[in-house]
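Here is the structure we will look at.
Nothing here was measured: the structure is a model prediction, and the numbers come from that model. Below, chain A is the first sequence line, B the second, and so on; all start at residue 1.
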There are 2 protein chains.
Amino acid sequence: MVTLADVARHAGVSASTVSYVLSGKRSISQETRRRVEESVVELGYHPNAGARALAARRSHIIALVVPLRSDVYVPIMMEIAISVTMAARQHGYDVLLITNDEGVDGVRRVAASGLADGVILMDVELDDERIPALRAQGTQASLIGLPDNASGLSCVDHDFAAAGAMCADHLADLGHREIAFIGYGAGVYQRHAGYAERTLSGFRARADQRGLRFLHRSCEGTFESTAGTLARVLADRPDTTGFVVQNEGAIGPLLNLLRSSGRTVPEDASVVALCPEQLAEQYSPRLTAVTGPTKELGRVAVEQVMGRITAASRGGRPTDELVLLDPVLTVRESTGPAPR
Amino acid sequence: MVTLADVARHAGVSASTVSYVLSGKRSISQETRRRVEESVVELGYHPNAGARALAARRSHIIALVVPLRSDVYVPIMMEIAISVTMAARQHGYDVLLITNDEGVDGVRRVAASGLADGVILMDVELDDERIPALRAQGTQASLIGLPDNASGLSCVDHDFAAAGAMCADHLADLGHREIAFIGYGAGVYQRHAGYAERTLSGFRARADQRGLRFLHRSCEGTFESTAGTLARVLADRPDTTGFVVQNEGAIGPLLNLLRSSGRTVPEDASVVALCPEQLAEQYSPRLTAVTGPTKELGRVAVEQVMGRITAASRGGRPTDELVLLDPVLTVRESTGPAPR
DNA sequence: TTGAAGTGTCGAAGCGCTTGAACTGCCGGT
DNA sequence: ACCGGCAGTTCAAGCGCTTCGACACTTCAA
């Protein structure tokens with residue numbers, strides 16, 4: 001193993017000089033810098049992570065806490081995890097994967113041991129027990145999702161309210177007047193999942209504003225449940241021509257059921273999905289959908305923790321940010337003008 | 001921050017005694033152990049990861065290298081990542097996520113800096129450039145996948161040959177005589193992807209043995225490509241009644257095309273998929289499928305690195321293991337007796 | 001009774017790095 | 001001629017932990 005001292009000897013300087021060359025924290029002459037850098041390459045030196053962490057009191061690691069199972073579409077979680085990892089590397093950081101089966105202890109352990117300098121929490125609940133733990137330890141963190149009380153923390157999430165509003169606007173623009181909002185299962189609303197509630201209220205507000213009549217129905221996302229939901233919607237409001245779906249599982253069944261009930265999409269009924277692009281593309285017809293920028297979510301979360309870590313290490317008080325990312329409406333084949 | 005010394009003082013013993021209580025590496029009296037453990041809890045002591053890594057020359061971290069994009073169905077990757085993380089925790093290890101955009105350097109960096117004690121590589125290619133790098137550094141590693149030359153490494157993978165054979169057997173048992181094997185795109189076979197070749201040769205051998213006639217056709221996994229492939233298969237061999245599909249993208253199209261060509265599944269044609277359970281369940285009819293145990297893949301990989309790490313730290317030469325996991329055939333609704 | 005072996009604890013020397021303080025020239029200003 | 005200041009470098013003291021060797025004491029066989 002090559003150490004700092006080896007490099008110093010090889011370059012004919014002291015260990016601290018090598019350290020300063022590497023960290024850039026003090027001015028070093030051209031000549032010395034060159035010699036040191038050459039030696040580093042020649043010897044294949046890699047600073048020892050443990051020693052560095054111990055001396056500098058910075059591990060250059062952030063922990064990413066991923067949910068074990070969730071309502072979240074799995075490829076999206078993976079995309080976030082990857083964008084977090086790549087963004088972290090830009091800052092010279094690595095990412096430690098923590099699964100949520102450890103619960104609060106995982107976060108505590110990783111922060112208290114100095115294993116991680118900061119934490120990113122995915123799939124945050126409104127009233128998340130990990131949040132007080134983070135606050136108690138003074139751990140720098142960024143949440144992907146929006147809890148009840150975010151003081152002392154930074155958060156980033158999709159702007160679900162805007163997404164809901166976009167759906168309403170799009171259908172209204174196309175002349176639809178009767179809309180059905182097919183949402184998540186009742187349980188999701190009962191536990192006040194933020195994304196579900198915010199989408200719905202954003203949709204509701206805009207729908208009212210645009211004079212739309214609408215029905216919100218929760219749906220478990222199975223074929224049977226979707227069939228039941230759709231039947232009731234059409235019984236209550238036979239003139240419904242617009243559908244907003246926020247439930248990955250219900251999309252496929254809904255399309256099949258509309259078709260088999262003799263309604264052609266988009267001629268007879270328009271469907272807007274709140275789902276990832278990937279999913280929207282894979283149905284036939286391809287779905288008009290409102291989507292949030294997934295990668296951005298990870299990137300922003302990393303910027304937030306990084307900002308907090310450097311602020312804290314400078315003795316400052318990190319500022320709590322709250323970033324809501326604008327969703328994007330992509331018009332595809334599943335929406336069209338309302339039938340007359 | 002609470003340190004070892006704080007605990008020692010609080011318990012009225014020396015620092016080394018506390019260390020030995022925690023590591024269990026020397027015998028400690030009941031009484032002392034109790035006092036120390038109490039102090040640990042009372043003070044909320046968490047050993048500092050950096051210091052521990054430095055002194056013990058063990059970071060208690062393994063790196064997991066995930067592919068950025070791949071032929072692998074994403075939720076499966078996530079499932080592996082999670083099972084790796086959980087299995088690692090059982091050994092007191094944490095998992096560092098490395099994306100493959102760093103390429104070989106990522107592996108080198110993480111191992112050379114002592115950040116990770118071992119590495120798990122996912123999505124290994126037959127001739128993977130990261131393998132020589134691992135060997136050169138003497139890094140303990142386990143590969144998920146089977147490279148050309150695995151000497152000095154441990155590997156774990158699904159037994160794709162057995163999976164292929166299972167498909168052949170199942171269809172033969174049901175009386176099918178003409179089979180089409182719908183595989184991955186031509187590119188996958190051209191670069192000799194191990195899983196594709198091994199499945200095919202396992203299938204081929206068993207099909208020959210069972211006296212099946214079969215056609216192997218590569219397919220890009222789009223609707224158009226699947227349509228073309230199927231048309232050609234049916235033109236060449238109109239009597240084909242059994243289909244084996246190893247291509248996530250082709251499954252949906254294939255089912256639709258069979259249906260629209262007037263063939264009912266499973267009455268007129270049987271379909272066996274080589275795909276994750278999750279996928280097999282989501283089609284209608286639900287697919288008879290051959291699946292490998294995903295979680296096991298991660299778990300075994302972890303056991304392998306752990307084994308190697310401890311062997312190496314005892315001065316031994318870690319043994320190279322090669323584990324192939326048995327696939328499982330789950331009969332669902334897409335296969336039935338061959339029509340007469 | 002004595003020595004050998006075993007048990008439980010401690011002291012101290014690092015592990016490889018960072019960083020504040022101190023040092024050395026050298027320059028320009030007075 | 002002298003001093004202050006500055007850029008560039010080095011010294012040395014840790015960071016918090018592990019672990020080797022030593023020590024004190026007990027036990028047990030010869």
Side-chain angles (χ1 to χ4, degrees), chain A residues 1-37 39-40 43-61 92 109 111-115 117 310 313-315, chain B residues 1-37 39-40 43-61 92 109 111-115 117 310 313-315:
Chain A
M1 171 183 224
V2 188
T3 72
L4 231 216
D6 296 331
V7 176
R9 207 171 308 122
H10 187 271
V13 296
S14 74
S16 41
T17 300
V18 177
S19 177
Y20 286 125
V21 167
L22 262 36
S23 69
K25 291 191 180 174
R26 287 207 188 164
S27 54
I28 296 286
S29 68
Q30 283 291 318
E31 168 59 11
T32 306
R33 155 163 289 117
R34 198 189 47 70
R35 284 221 313 285
V36 169
E37 282 166 350
S39 300
V40 165
L43 300 180
Y45 169 69
H46 285 265
N48 181 87
R52 195 212 276 266
L54 177 58
R57 307 148 152 284
R58 289 275 211 108
S59 65
H60 291 267
I61 290 178
R109 181 175 62 81
S113 67
L115 223 194
D117 298 335
T310 46
S313 75
R314 294 222 181 93
Chain B
M1 173 184 223
V2 188
T3 72
L4 232 216
D6 296 331
V7 175
R9 208 170 307 123
H10 187 271
V13 296
S14 75
S16 42
T17 301
V18 177
S19 177
Y20 287 124
V21 168
L22 264 36
S23 69
K25 292 192 178 173
R26 285 209 185 164
S27 54
I28 296 286
S29 68
Q30 283 292 320
E31 168 58 10
T32 306
R33 155 164 290 115
R34 199 190 45 71
R35 284 221 314 284
V36 170
E37 282 167 349
S39 300
V40 165
L43 300 181
Y45 169 69
H46 287 265
N48 180 89
R52 192 211 277 265
L54 177 58
R57 305 148 157 283
R58 288 274 211 108
S59 65
H60 290 268
I61 289 179
R109 180 175 61 81
S113 66
L115 222 194
D117 298 335
T310 46
S313 74
R314 295 223 181 92

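- Across Val36(B), Thr17(B), Leu22(B), Val13(B), a single residue satisfies side-chain contact (heavy atoms from CB on, under 4.5 Å) together with Ile28(B), and that is Thr17(B).
- Arg58(B) and Ser313(B) get closest at one heavy-atom pair: NH2-OG, 3.2 Å.
- If you measure from atom CG of Asn48(B) to atom C1' of dC17(C), you get 13 Å, rounded to the nearest angstrom.
- Contacts of Ser23(A) with the nucleic acid, taken as non-hydrogen atoms under 4.0 Å apart, are absent.
- Atom CD in Glu31(B) sits about 16 Å away from atom C1' in dT7(C), given to the nearest Å.
- When the C1' atom of dT10(D) is taken as reference, atom CZ of Arg35(A) falls 14 Å away, rounded to whole Å.
- Heavy atoms of Arg26(B) sit under 4.0 angstrom from at least one base atom.
- Rounded to whole Å, atom P of dC17(D) lies 12 Å from atom NE2 of His46(B).
- With dT19(C), dC11(D), dC17(C) as the candidates, the nucleotide lying closest to the side chain of Ala56(A) is dT19(C).
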Check the pair Thr3(B), Asp6(B) against side-chain contact (heavy atoms from CB on, under 4.5 Å), reporting the backbone distance first and the verdict last. CA-CA 5 Å; Thr3(B) 72; Asp6(B) 296 331; 3.4 Å; yes

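- The nearest whole Å value for the distance from the CG atom in Leu115(B) to the P atom in dC17(C) is 13 Å.
- When the side-chain nitrogen and oxygen atoms of Lys25(B) are compared with OP1 and OP2 of dT19(D), one or more of them lie within a distance under 4.0 Å.
- If Val13(B) and Ala15(A) are placed on DNA chain C by their nearest nucleotide, the residue sitting closer to the 5' end is Val13(B).
- When distances run from any side-chain atom of Met1(A) to the nucleotides dT10(D), dG16(D), dG16(C), the shortest one goes to dG16(C).
- The separation between Arg58(A) atom CZ and dT19(C) atom P is 9 Å, rounded to whole Å.
- Regarding contacts with the backbone of dA7(D), every side-chain N or O of Ser27(A) stays at 4.0 angstrom or more from both OP1 and OP2.
- The side chain of Ala55(A) sits closest to dT18(C) out of dT18(C), dA12(C), dG16(D).
- Considering only the side chain of Arg52(B), dC17(D) comes nearest among dG16(C), dT10(D), dC17(D).
- The phosphate of dC10(C) has OP1 or OP2 within less than 4.0 Å of a side-chain N or O from Thr17(B).
- Residue contacts shown for Ile28(A) are limited to sugar-phosphate atoms, with no base heavy atom under 4.0 Å away.
- Using a cutoff of 4.0 Å between basic side-chain nitrogens and carboxylate oxygens, Arg34(A) and Glu37(A) are not scored as salt-bridged.
- OP1 and OP2 of dT19(C) both lie 4.0 Å or more from every side-chain N or O belonging to Arg57(A).
- Of the inter-residue distances, the one linking Arg109(B) atom CZ with Leu115(B) atom CG reads 7.0 Å to the nearest 0.5 angstrom.
- Residue-level contact check: Thr3(A) touches the backbone only, with heavy atoms under 4.0 Å from sugar-phosphate atoms and none from bases.
- Considering only the side chain of Ser19(B), dT19(D) comes nearest among dG16(D), dT19(D), dG8(D).
- Nearest heavy atom pair, residue Asp117(A) against residue Ser59(A), reads OD1-N, 2.9 Å.
- Residue Ser16(A) places no side-chain N or O under 4.0 Å from the OP1 or OP2 atom of dT19(C).
- Regarding Leu4(B), its CG atom lies at a distance of 7 Å from the C1' atom of dG16(D), rounded to whole Å.
- In this entry the distance linking OH of Tyr20(B) with C1' of dT7(C) reads 14 Å, nearest Å.
- Nucleic acid contact for Ser29(B): sugar-phosphate only, since backbone atoms but no base atoms lie under 4.0 Å from a heavy atom of the residue.
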